[in-house]
Amino acid sequence: MARKSLIQREKKRQKLEQKYHLIRRSSKKEISQVPSLSDKWEIYGKLQSPPRNSAPTRLHRRCFSTGRPRANYRDFGLSGHILREMVHACLVPGATRSSW
């Protein structure tokens with residue numbers, strides 16, 4: 001189980017990303033439409049003004065049940081070892097078991 005503080009920090013980043021998503025998208029659209037370089041630099045300055053944690057690249061996918069940040073399957077939202085345990089317990093429909 002991941003520490004609760006790390007999970008809360010990730011939730012805070014998700015909220016910030018949603019809050020500043022439209023601002024980032026509109027300023028990126030402006031950059032592509034403006035022909036002069038000096039105006040582009042001003043828009044880049046605006047793009048750097050939101051907090052760093054609002055950038056979508058700072059988000060991690062975490063396991064839904066344990067909060068583990070690594071080895072996640074996007075289709076299920078689970079980490080690898082939890083997914084394997086659920087497949088062996090026949091909790092995931094359509095998945096085949098393998099053992100080695």
Side-chain angles (χ1 to χ4, degrees):
M1 184 81 185
R3 291 190 328 224
K4 301 224 185 241
S5 61
L6 295 177
I7 294 172
Q8 292 301 321
R9 187 182 306 163
E10 195 65 34
K11 287 181 181 177
K12 182 181 176 183
R13 284 183 183 144
Q14 287 175 351
K15 287 180 185 176
L16 277 173
E17 196 273 330
Q18 289 174 355
K19 181 179 178 182
Y20 290 99
H21 175 72
L22 293 176
I23 295 170
R24 286 183 182 277
R25 191 169 67 180
S26 65
S27 57
K28 285 184 180 182
K29 196 173 187 179
E30 270 185 70
I31 288 172
S32 65
Q33 294 174 352
V34 173
S36 69
L37 190 61
S38 60
D39 292 337
K40 284 187 180 185
W41 285 113
E42 289 177 21
I43 297 170
Y44 276 126
K46 288 180 189 175
L47 192 59
Q48 291 175 354
S49 63
R52 284 187 179 176
N53 281 337
S54 67
T57 55
R58 290 196 169 231
L59 295 178
H60 274 288
R61 285 186 182 83
R62 290 191 171 265
C63 177
F64 182 70
S65 64
T66 60
R68 188 171 195 264
R70 298 182 183 200
N72 285 317
Y73 288 86
R74 290 183 183 187
D75 297 336
F76 303 103
L78 298 169
S79 62
H81 73 280
I82 297 294
L83 180 64
R84 188 166 187 266
E85 288 175 4
M86 290 180 78
V87 168
H88 280 287
C90 298
L91 297 174
V92 180
T96 58
R97 296 190 302 177
S98 64
S99 59
W100 55 89

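Position 1 is the first residue of the sequence, and the numbers go up from there.
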Side chain to side chain, [X] and [Y], heavy atoms closer than 4.5 Å:
{"X": "Gln8", "Y": "Lys11", "result": "yes"}
{"X": "His81", "Y": "Glu85", "result": "yes"}
{"X": "Leu6", "Y": "Arg62", "result": "yes"}
{"X": "Glu17", "Y": "His21", "result": "yes"}
{"X": "Arg24", "Y": "Ser54", "result": "yes"}

I need the minimum non-hydrogen distance between [X] and [Y], along with the two atoms involved.
{"X": "Ser79", "Y": "Cys63", "value": "N-SG, 3.3 Å"}
{"X": "Tyr20", "Y": "Pro50", "value": "CD2-CB, 3.8 Å"}
{"X": "Leu16", "Y": "Pro51", "value": "CD2-CG, 4.3 Å"}
{"X": "Gly67", "Y": "Ile7", "value": "CA-CD1, 4.2 Å"}
{"X": "Thr96", "Y": "Val87", "value": "O-CG1, 3.8 Å"}

*Hey, could you give me the CZ/OG distance between Arg25 and Ser27, rounded to the nearest 0.5 Å?*
11.0 Å
*How far does CG of Asn72 sit from CD1 of Ile82, to the nearest 0.5 angstrom?*
10.5 Å
Donor-acceptor pairs under 3.5 Å, side chain of residues 37-47 to any protein atom, not counting sequence neighbours: which ones?
unit_1: Asp39; atom_1: OD2; unit_2: Ser36; atom_2: OG; d: 2.7

*Could you list the residues that satisfy side-chain hydrogen bond (donor to acceptor under 3.5 Å, both in side chains) with Arg58, not counting sequence neighbours?*
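Arg58 satisfies side-chain hydrogen bond (donor to acceptor under 3.5 Å, both in side chains) with Asn53 once adjacent residues are dropped.
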